[in-house]
Amino acid sequence: MDNSGRRTFLGICLAGLGALTAAAVGWPLFRYLAPRTNKESAGKVVIPEAEVKAGEAKFFEYAGSSAVLLRKQDGSLIAFSAICTHLGCIVQWEKDKQDFLCPCHGGHYNSDGAVTAGPPPKPLPRIPFSVAGGNITVG
Ligand code: FES
């Protein structure tokens, strides 16, 4: 193998190594940020009331996607899709600020799901629920 052949071979090896490294780093990041699509979780979801304390949020799978149940500081409950209305990342609850942050482009939603900052065009969609016998039934 001459020098140009070695360089070509080395270039191919480095490109392959680069692609493997990008996949190894990118796939877990994609799985973390992308909405989940577990079809088995479709239907009603029952959450014990005691699991959601004032000012806290509980994330769960609902109808094949991510959802969140929030107990506001006044004790009232509200359920939303946890999918950002901008480009579909999963929002995070910021307990100290009592708002939702979308980590992808800095979108913010208040505890009613209304957009307060950033690029999201619409509020977080609400999900119906009922409370009975110490359980919250979503859906
Ligand atoms: S995807 Fe949420 S702000 Fe862009």
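We count ligands from 1, going down the list as the structure has it; atoms in each ligand are counted the same way. These numbers were taken from a predicted model, which means no experiment stands behind them. Positions are given from 1 along the sequence.
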Hey, would you say the F100 and F80 ring centroids sit under 6.0 Å apart?
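Yes: the rings meet the under 6.0 Å criterion.
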Short N/O/S contact of C102 with atom 2 (Fe) of ligand 1 (below 2.8 Å):
yes
For N/O/S atoms only: which one belongs to H105 and is nearest atom 4 (Fe) of ligand 1?
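Output for this pair reads ND1.
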Report the name of the N/O/S atom of H86 located nearest to atom 4 (Fe) of ligand 1.
ND1
Same cluster or not: are V138 and L70 linked, directly or through other Ile, Leu, Val, Met, Phe, Trp or Tyr residues, by side-chain heavy atoms under 4.5 angstrom apart?
no
Distance check, rounded to the nearest 0.5 Å: H86 atom NE2 versus H105 atom NE2?
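Answer for the NE2-NE2 pair, H86 versus H105, is 5.5 Å.
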Report the distance from atom OG of S66 to atom CD of E61, rounding to the nearest 0.5 Å.
4.5 Å
Which atoms from ligand 1 have a heavy atom of [X] less than 4.0 Å away?
X	answer
G107	3 (S)
P119	3 (S)
C84	1 (S), 2 (Fe), 3 (S)

Hey, what do you get for C104 versus C89: SG atoms under 2.5 Å apart or not?
yes
Has C104 got an N, O or S atom lying less than 2.8 Å from atom 4 (Fe) of ligand 1?
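False for C104.
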Against E56, only a single residue in K95, R71, K72 fulfils side-chain hydrogen bond (donor to acceptor under 3.5 Å, both in side chains); can you say which?
K95
Which residue holds the protein heavy atom closest to atom 1 (S) of ligand 1, what is that atom called, and what is the gap in Å?
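Looking only at protein heavy atoms, the one closest to atom 1 (S) of ligand 1 is L87 N, 3.2 Å.
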